[in-house]
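To start, the structure under review is shown below, and the notes come after it.
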Amino acid sequence: MGIYLNPGNSGFQRALRSEIYVDKTGLLNYTNSVLETEQCCVCVSRPRRFGKSITAEMLVAYYDCSCDSENMFRHLEIAEAPDFAEHLNQYAVIHADMNTFRHKRDSRTGENITALEAVGLFHREIIRELKEKYGEVISDEDCDLPTVLAKINRSAGTKFVIVIDEWDTVFREDKHDEKAQTAYINLLRGLFKDATSKYFLALGYLTGILPIKKYGTESALNNFDEFTMLQAEPLEKYVGFTELEVSGLCEQYGLDFDEIQKWYDGYVLAGGLHIYNPKSVVDAVRRRKITSYWSRTETYESLKTYISMNFDGLQDAIVQMLAGGRCRVNTGTFENDMTSFASRDDILTVLVHLGYLAYDESTEQVYIPNEEIREAFSNAVQKCEWTGVIDAIRASEKILKATWHMDEYAVAKGVEQVHIENTSILQFNDENSLSCVISLAYYQALDEYTLVREMPAGKGFADIVFLPRRKSDKPAMIVELKNGKSAQEALNQIKEKEYVKALEEYKDNLLLVGISYDQKTKEHACKIERWNL
């Protein structure tokens with residue numbers, strides 16, 4: 001048993017001993033199905049905190065031939081599979097974390113080694129362990145890992161499962177080091193694609209944050225099946241915690257599921273499957289406190305860097321999403337690296353891979369998934385010094401309270417100020433644009449409400465509906481917007497089209513709000529009524 005070669009099952013045992021473990025061993029059904037096939041190369045990319053390393057440890061524990069893991073798995077989902085025993089502890093396993101290699105220190109200087117040195121160290125360290133076990137077929141001159149694995153296979157018939165965690169470290173951290181990247185790609189190609197690899201490779205499993213297919217040397221690794229935050233099926237339920245799993249944890253530990261949902265839900269994958277951030281949910285359960293845990297593992301600087309990039313429409317999109325809206329995006333232009341950004345869509349797509357945005361495949365739209373991430377965006381925007389947006393966020397609480405108190409003048413003037421201060425970022429020429437500024441003006445309402453745009457109601461679609469969260473005692477609100485018409489006309493439309501029929505459960509606590517904007521005078525007006533049947 002070594003550090004990299006057949007490291008055993010102790011890593012996964014730590015996960016099983018933890019206070020909270022959610023069974024994801026069903027993933028092994030998929031990896032078993034592709035063992036020693038043309039589909040045996042798998043790359044799963046997810047944001048940080050989404051359980052990539054625990055999954056890697058699970059694979060190692062299951063396949064590693066140097067240990068007996070039957071007792072560990074016998075009560076888990078995979079034990080029910082008909083081929084469970086057939087593949088259990090049957091392979092030589094190589095497990096390495098590229099991030100660990102990249103951050104090794106030079107013993108002489110105490111400084112981190114270079115990316116190129118890290119690639120060389122990867123070869124040497126694993127060959128050293130292989131030599132301890134297969135010394136009779138490895139010479140002192142052997143320095144290329146794929147060649148060594150091919151020699152071992154020819155001599156002993158050994159098949160390897162190779163698991164590389166954080167595989168994309170070199171491409172994320174050494175963006176401009178083409179020499180190191182080329183050396184690394186050559187290593188990966190030798191392990192997973194060259195003609196000899198099909199003899200020694202039973203399974204290749206990479207984890208990372210970024211997909212792999214569009215690097216400049218993409219032909220080197222285009223044999224991988226990729227499962228990403230954009231397209232995870234059929235492995236979507238293994239990306240994070242499902243709603244059913246989170247609901248079970250809330251019931252077991254006595255936590256408010258609605259609050260957990262508000263803070264950590266929002267990543268919706270194929271078939272409408274809701275996925276929660278595993279690390280944040282576990283922290284909330286263990287600490288019995290629902291708050292943002294994102295900032296403990298991420299700084300706002302990286303998010304600030306991306307959203308500050310000077311691409312047309314990017315700030316507009318960020319503000320629209322901050323206000324609870326969605327933005328259409330073309331994810332196909334992203335080159336899957338950290339240097340080739342060419343448009344707003346590239347930035348929005350990388351933010352999906354980093355977990356800062358969620359992606360709705362059915363509408364091709366991105367959005368801020370939950371309260372935890374919304375807080376991260378709010379902090380990043382303040383660091384960007386978007387003065388108008390920051391002032392709007394701060395003013396939004398006053399506008400919301402003025403609405404509850406039915407202070408029409410205060411609401412109109414508050415919205416007007418938000419509009420004026422953000423004209424450099426947003427252009428308001430129609431009701432859709434007005435909807436964005438209204439949503440920004442009501443930013444703080446997201447603490448109390450679920451915001452629904454264009455909600456089917458009565459004889460049409462209500463512009464914006466604010467539905468109180470389960471424990472809130474605040475009134476529901478229907479907000480109708482008019483550009484070039486009066487606030488009273490907006491209010492009349494709510495009544496004439498019978499939007500209130502969709503909110504009958506709030507009939508005793510419902511506000512009707514009409515807001516108008518006059519492009520000529522740049523003035524806003526507001527009319528508010530409490531609905532009475």
Side-chain angles (χ1 to χ4, degrees), residues 1-8 11 41-45 52-53 56-57 59-60 63-64 91-109 111-135 137-153 158 160-194 196-197 200-210 212 215 217 220-221 223-224 337:
M1 192 176 292
I3 297 174
Y4 310 108
L5 174 65
N6 294 333
C41 291
V42 177
C43 180
V44 177
S45 57
K52 297 187 298 292
S53 296
E57 295 284 7
L59 289 167
V60 171
Y63 290 115
D64 188 340
Y91 292 90
V93 171
I94 293 173
H95 178 211
D97 182 335
M98 195 59 203
N99 189 55
T100 301
F101 277 96
R102 180 61 190 87
H103 293 96
K104 293 281 188 182
R105 292 187 178 276
D106 188 309
S107 59
R108 296 164 299 174
T109 66
E111 301 292 329
N112 280 354
I113 62 176
T114 67
L116 186 60
E117 290 170 335
V119 174
L121 185 64
F122 189 104
H123 282 277
R124 292 194 304 275
E125 287 293 294
I126 296 175
I127 289 174
R128 179 180 59 78
E129 291 195 7
L130 288 166
K131 192 171 181 180
E132 291 176 3
K133 182 172 179 60
Y134 304 99
V137 297
I138 304 175
S139 69
D140 291 339
E141 288 73 31
D142 285 325
C143 59
D144 178 72
L145 178 58
T147 300
V148 169
L149 295 178
K151 290 176 70 172
I152 293 170
N153 174 261
T158 305
F160 290 88
V161 168
I162 302 176
V163 180
I164 300 180
D165 211 0
E166 300 287 354
W167 85 271
D168 55 342
T169 298
V170 172
F171 294 97
R172 287 188 284 105
E173 298 193 10
D174 302 278
K175 305 178 182 66
H176 305 289
D177 192 340
E178 294 184 5
K179 190 173 182 180
Q181 290 180 13
T182 298
Y184 186 43
I185 283 290
N186 286 338
L187 166 62
L188 297 177
R189 181 173 55 196
L191 291 174
F192 303 115
K193 192 182 177 185
D194 280 358
T196 56
S197 69
F200 64 74
L201 183 66
L203 176 71
Y205 189 93
L206 306 184
T207 81
I209 295 174
L210 296 179
I212 64 177
Y215 288 118
T217 49
L221 297 174
N223 59 320
F224 272 84
D337 63 22

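Since we're looking at a predicted model, the values are computed, not measured.
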Measuring from atom [atom1] of [X] to atom [atom2] of [Y], what distance do you get when rounded to the nearest 0.5 angstrom?
| X | Y | atom1 | atom2 | answer |
| --- | --- | --- | --- | --- |
| D168 | C43 | CG | SG | 7.5 Å |
| R102 | D97 | CZ | CG | 13.0 Å |
| I127 | L145 | CD1 | CG | 5.5 Å |
| C143 | R124 | SG | CZ | 10.0 Å |
| L201 | C41 | CG | SG | 5.0 Å |
| K52 | E57 | NZ | CD | 13.5 Å |

If we ignore hydrogens and angles and just use 3.5 Å, is the side chain of [X] paired with the main-chain N or O of [Y] as donor and acceptor?
| X | Y | answer |
| --- | --- | --- |
| E111 | R105 | no |
| D64 | V93 | no |
| N223 | F192 | yes |
| Q181 | D174 | yes |

Ring centers of F101, Y4 separated by less than 6.0 Å: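 Yes, they do, as the ring centres are separated by less than 6.0 Å.
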
Output field: ring centroids F160/Y91 closer than 6.0 Å: no

Within the structure provided, determine whether [X] and [Y] are in side-chain contact (heavy-atom separation under 4.5 Å).
| X | Y | value |
| --- | --- | --- |
| F224 | I212 | yes |
| K104 | N112 | no |
| L5 | K133 | yes |
| L191 | S197 | no |
| V163 | I94 | no |
| I185 | L221 | yes |
| I209 | W167 | no |
| I152 | I138 | yes |

Using every non-hydrogen atom in the two residues, find where [X] and [Y] come nearest and quote the distance to one decimal.
| X | Y | answer |
| --- | --- | --- |
| L187 | F122 | CD2-CD2, 3.5 Å |
| A115 | V170 | CB-CG1, 4.4 Å |
| D165 | S53 | OD2-OG, 2.7 Å |
| F200 | G190 | CZ-O, 3.7 Å |
| P7 | I3 | CB-O, 3.6 Å |
| E129 | G2 | OE1-CA, 3.6 Å |

Y205/V161 under side chain to side chain contact (heavy atoms under 4.5 Å, CB included): CA gap, chis, key distance, verdict: CA-CA 8 Å; Y205 189 93; V161 168; 6.0 Å; no

R189 versus N186, side-chain donor and acceptor atoms under 3.5 Å: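 Per modelled atom types, N186 and R189 side chains form a pair under 3.5 Å.
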
Side-chain donor-acceptor pair present, T158, N153, cut-off under 3.5 Å: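 Distance-only check fails for T158 and N153.
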
R172/E166 salt bridge by N-O under 4.0 Å criterion: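 Yes, E166 and R172 are salt-bridged.
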
Pair K151 + D142, salt bridge at N-O below 4.0 Å: yes

Evaluation steps, side chain to side chain contact (heavy atoms under 4.5 Å, CB included), between T147 and T196: CA-CA 8 Å; T147 300; T196 56; over 6 Å; no

Residues in salt bridge (Lys or Arg N to Asp or Glu O under 4.0 Å) contact with E132, at least two apart in sequence or another chain: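 Only R128 meet the salt bridge (Lys or Arg N to Asp or Glu O under 4.0 Å) criterion with E132.
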
